[in-house]
Amino acid sequence: MPPLPAGEAPDGDAGGARPVIDVLVADDDPVVRFGLRMMLGGAPDLRVVAEAGDGAEAVELARRHRPDVVLMDIRMPGTDGLTATETLRARPSAPQVMVLTTFDADAHVLRALRAGAAGFLLKDTPPDELVLAIRHAARGRPVLSPEVTRRLIARVAEAGQDTRRDAARRRLGVLADRERTVAAEIGAGRTNAEIAARHHLGLTTVKTHVSAILAKLDLNNRVQVALLVQEAGALPPE
């Protein structure tokens, strides 16, 4: 699964030097940590500033080193990666968190995304895709393709949707009509360009609506919007 920014095309390289992105690697397996460090070492704009063996250590090292991006394993002894992600994302000036998993549709990933994780990577992601994903995450862009977004949010329907639907609809009720339309399209996994074309809107207008949606709903990224829309049963007609 190639990790891509959800909703936007990759930026081209303008030719200038990229700013250095500080990365913290959290995994209980030292072999995995070593492998990730080696893969990232070939990118001149990435710097591994610390390694953690469990979630509690990841939280402490993130406080000390203030990384831009944390690569977070889900299953670790003691404080797991999910709890650590929730703790980190609740902080002011929180780092972006990329969840590391061996499963591409794990229910635990949904919890991490709801907590504000920028996306997830499979542990066998090729090095060039890993580097690209970290660069996008550092810019605050969710790293999920529209196809993966749709597949993941469909998991919401498998358990507990009835108990969530009313609350989700109340939250969406604070949006203006056009904002709800754009939110529904995000829930369907569509990019800003696709939303603009479907509703005859300018791309800048769509981006303005997306920013307003995130602010009004107090969410970090469009993946969280998509999950909320799915929970509300508010997907747009095809």
Side-chain angles (χ1 to χ4, degrees), residues 3 5-8 11 18-27 33 36 40 45-74 76 78-101 108-121 130-131 133-144 149 152 167-168 170-172 174-175 179 182-183 186 192 207-229 231:
E8 302 299 335
D11 286 342
R18 293 188 179 95
V20 174
I21 299 169
D22 287 343
V23 180
L24 187 155
V25 176
D27 195 293
R33 296 199 304 270
L36 289 169
L40 302 183
D45 58 325
L46 302 185
R47 176 174 58 196
V48 177
V49 295
E51 297 179 16
D54 60 48
E57 187 179 16
V59 170
E60 172 56 26
L61 290 176
R63 182 194 63 79
R64 189 184 311 166
H65 294 279
R66 302 180 64 84
D68 302 298
V69 177
V70 177
L71 296 180
M72 183 78 75
D73 186 23
I74 289 181
M76 293 185 287
T79 302
D80 62 25
L82 294 172
T83 301
T85 296
E86 291 167 346
T87 300
L88 288 174
R89 291 300 299 168
R91 291 180 171 181
S93 302
Q96 298 294 333
V97 178
M98 291 296 305
V99 173
L100 294 172
T101 180
H108 292 301
V109 174
L110 288 173
R111 178 178 157 192
L113 295 176
R114 289 194 182 102
F120 75 92
L121 295 171
L130 175 65
V131 169
I134 291 172
R135 287 172 180 158
H136 283 303
R139 297 186 181 101
R141 297 177 180 176
V143 185
L144 291 171
T149 300
L152 274 175
R170 285 195 296 271
R171 289 190 68 186
L172 292 175
V174 307
L175 302 178
E179 291 166 351
V182 171
I186 292 172
N192 287 349
K207 290 180 178 179
T208 299
H209 286 318
V210 173
S211 295
I213 291 165
L214 293 173
K216 288 184 178 181
L217 298 178
D218 192 26
L219 298 176
N220 293 297
N221 57 51
R222 62 196 295 129
V223 177
Q224 290 177 306
V225 176
L227 291 172
L228 187 64
V229 167
E231 287 170 348

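Numbers for residues simply follow the sequence, beginning at 1. Every heavy atom of this structure was used, including side-chain atoms; hydrogens, water molecules and symmetry mates were not.
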Looking at Glu231 and Arg171, is there a salt bridge between them, counting it only when a charged N and a carboxylate O are closer than 4.0 Å? no
Compare every heavy atom of [Y] with every heavy atom of [X], then report the nearest pair and how far apart it is.
X: Ser93; Y: Arg66; result: CB-NH2, 3.9 Å
X: Ala226; Y: Ile186; result: CB-O, 3.7 Å
X: Ala56; Y: Asp54; result: N-OD1, 3.1 Å
X: Ile134; Y: Val69; result: O-CG2, 3.9 Å
X: Ala52; Y: Leu61; result: CB-CD1, 3.9 Å
X: Thr85; Y: Ala112; result: CG2-O, 4.3 Å

Criterion side-chain contact (heavy atoms from CB on, under 4.5 Å) against Arg47, the qualifying member of Val23, Val20, Ile21: Val20
So, taking the atom named [atom1] in [X] and the one named [atom2] in [Y], what distance separates them when rounded to the nearest 0.5 Å?
X: Thr83; Y: Met72; atom1: OG1; atom2: CE; result: 9.5 Å
X: Leu36; Y: Leu130; atom1: CG; atom2: CG; result: 6.5 Å
X: Gln96; Y: Asn221; atom1: CD; atom2: CG; result: 7.5 Å
X: Leu227; Y: Gln224; atom1: CG; atom2: CD; result: 7.5 Å
X: Asp22; Y: His65; atom1: CG; atom2: NE2; result: 10.0 Å
X: Leu219; Y: Arg114; atom1: CG; atom2: CZ; result: 12.0 Å

Can you list the steps and then say if Val210 with Asn192 is a side-chain contact (heavy atoms from CB on, under 4.5 Å)? CA-CA 9 Å; Val210 173; Asn192 287 349; 3.8 Å; yes
Assess the residue pair Leu71 and Val99 against the criterion (side-chain contact (heavy atoms from CB on, under 4.5 Å)); give the C-alpha distance rounded to whole Å, side-chain angles, the decisive distance to 0.1 Å, and a yes or no. CA-CA 6 Å; Leu71 296 180; Val99 173; over 6 Å; no
For Leu175 and Lys216: C-alpha separation, side-chain torsions, deciding distance, then whether side-chain contact (heavy atoms from CB on, under 4.5 Å) applies. CA-CA 7 Å; Leu175 302 178; Lys216 288 184 178 181; 4.0 Å; yes
Is atom CZ of Arg91 surrounded by more than 12 heavy atoms (other residues, nucleotides or ligands) closer than 6.0 Å? yes
Starting from the C-alpha separation in whole Å, work towards a yes-or-no answer on salt bridge (Lys or Arg N to Asp or Glu O under 4.0 Å) for Arg135 and Asp45. CA-CA 9 Å; Arg135 287 172 180 158; Asp45 58 325; 2.8 Å; yes
Candidate pair Thr79 and Val59, rule side-chain contact (heavy atoms from CB on, under 4.5 Å), full reasoning: CA-CA 10 Å; Thr79 302; Val59 170; 5.7 Å; no
Is a side-chain donor or acceptor of Arg89 paired with a backbone partner of Gly116 at a separation under 3.5 angstrom? yes
